[in-house]
Amino acid sequence: MTYGGVEAGGTKWVCGIGTGPDDLHALETFPTTTPAETLARTAEFFKQNGGVSAVGVGSFGPIDLRAGRITTTPKPGWANSEVVSVLHDALGVPVAFDTDVNAAALGEGRWGAAIGLDTFCYFTVGTGIGGGVMAGGRLVHGLVHPEVGHVRIPHDRMRDPFAGACPYHGDCFEGLASGSAVAQRWGKPSEELGDRPEVWELEAEYLSLGVVNVICVLSPQRVILGGGVMKEPSLLPLVRARTRALLNGYIARPELSEGLDEYIVGPALGDRAGVLGAIELARMAAGV
Ligand code: ZN
């Protein structure tokens with residue numbers, strides 16, 4: 001049995017075939033264009049590489065998990081796009097569907113930074129902010145799926161007059177702390193702001209507020225912070241320190257004090273977490 005994984009992002013799609021990190025024998029990345037063209041290219045990739053027993057898709061969203069489609073995305077041309085039925089019709093194999101961040105959480109739980117844990121959160125801080133949530137060994141699905149990136153956090157407009165970048169909410173968590181927000185607030189992309197400590201102090205404040213909310217609601221055994229913005233090396237230590245200060249000793253666990261370096265961590269699978277998690281989704285869909 002071999003499985004297909006798709007990390008379906010708003011700017012690029014990553015397709016892979018294999019059974020895990022040591023067996024990922026075909027991998028291709030291409031830009032996200034129209035739904036018809038992108039899905040056709042995806043199906044063609046799997047056909048040309050020998051076919052697969054099942055496909056898993058970790059998608060940008062929001063998504064309707066049961067209907068297998070992307071719903072209210074602001075990305076032009078993609079609102080209400082069918083994904084699962086199109087791939088299933090083209091390939092004739094089971095197609096599993098979840099959010100990109102739930103897939104990445106699944107991958108990190110199976111092979112990466114959360115092995116052996118059953119309750120944790122994987123954040124990606126990139127163009128937007130998303131959070132995949134595993135609770136009691138299962139990816140969280142409810143009304144739809146968690147939208148950790150859109151929680152509300154305090155916004156001190158004296159310190160930070162930026163109105164926020166979220167098209168739905170303005171200054172929600174994503175609106176204040178995503179890579180888009182950083183770029184709009186400071187006039188440069190985050191990778192060009194390494195020499196500006198005030199950028200990272202403010203960013204760490206917002207990320208810590210989001211992380212503390214999730215710690216208080218979910219009681220995760222670990223928090224993983226990935227995505228392009230987290231590549232700034234000063235950020236993770238600042239987030240740990242600020243999270244500890246905000247919690248203020250209330251939750252009496254060593255993980256939240258001297259063990260914080262092992263509690264708030266980067267992803268172990270790096271940029272492959274999404275596609276590997278999608279392969280794990282496919283394996284589950286195949287019933288293996
Ligand atoms: Zn929002």
Side-chain angles (χ1 to χ4, degrees), residues 7-12 32 58-65 67 69-81 83 97-105 121-133 135 139-187 189-190 193 199-200 202-218 220 223-230 232 235 239 242-243 246 274:
E7 182 188 341
T11 52
K12 65 180 165 68
T32 313
S59 176
F60 72 101
I63 67 175
D64 184 330
L65 291 153
R69 74 169 76 93
I70 293 166
T71 58
T72 47
T73 177
K75 184 173 174 59
W78 281 84
N80 302 309
S81 297
V83 175
F97 192 51
D98 213 316
T99 62
D100 46 3
V101 279
N102 263 353
C121 183
Y122 171 95
F123 287 91
T124 182
V125 189
T127 310
I129 296 182
V133 180
L139 292 173
V140 172
H141 302 144
L143 184 64
V144 277
H145 48 78
E147 281 288 1
V148 173
H150 297 269
V151 298
R152 301 304 182 118
I153 58 171
H155 178 196
D156 177 353
R157 287 174 187 271
M158 297 295 282
R159 180 179 177 189
D160 173 26
F162 177 61
C166 175
Y168 283 86
H169 315 117
D171 62 351
C172 66
F173 183 31
E174 172 175 299
L176 290 171
S178 66
S180 304
V182 170
Q184 287 177 39
R185 178 186 296 112
W186 301 100
S190 62
L193 291 162
V199 170
W200 304 107
L202 184 65
E203 181 66 6
E205 175 74 18
Y206 290 144
L207 292 178
S208 307
L209 286 162
V211 166
V212 163
N213 285 346
V214 167
I215 290 172
C216 292
V217 172
L218 178 68
V223 172
I224 304 168
L225 292 176
V229 174
M230 295 309 302
E232 162 56 37
L235 193 51
V239 171
R242 193 65 193 132
T243 298
L246 286 166

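Order of listing sets the numbers, starting from 1, for every ligand and every atom in it.
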Would you check if the distance from the ring center of W78 to the ring center of F60 is below 6.0 Å?
yes
V125/Y206 under side-chain contact (heavy atoms from CB on, under 4.5 Å): CA gap, chis, key distance, verdict:
CA-CA 11 Å; V125 189; Y206 290 144; over 6 Å; no
Vertex the Zn ion (ligand 1), rays to SG in C166 and SG in C172 - rounded to 10°
110°
Could you check V101, I224, V223 and say which one makes a side chain to side chain contact (heavy atoms under 4.5 Å, CB included) with F123?
V223
How is the N/O/S atom of H150 that comes nearest to the Zn ion (ligand 1) named?
ND1
Taking the Zn ion (ligand 1) as the reference point, name the nearest N/O/S atom of H169.
ND1
Between N102 and Y122, does any side-chain donor sit less than 3.5 Å from a side-chain acceptor?
no
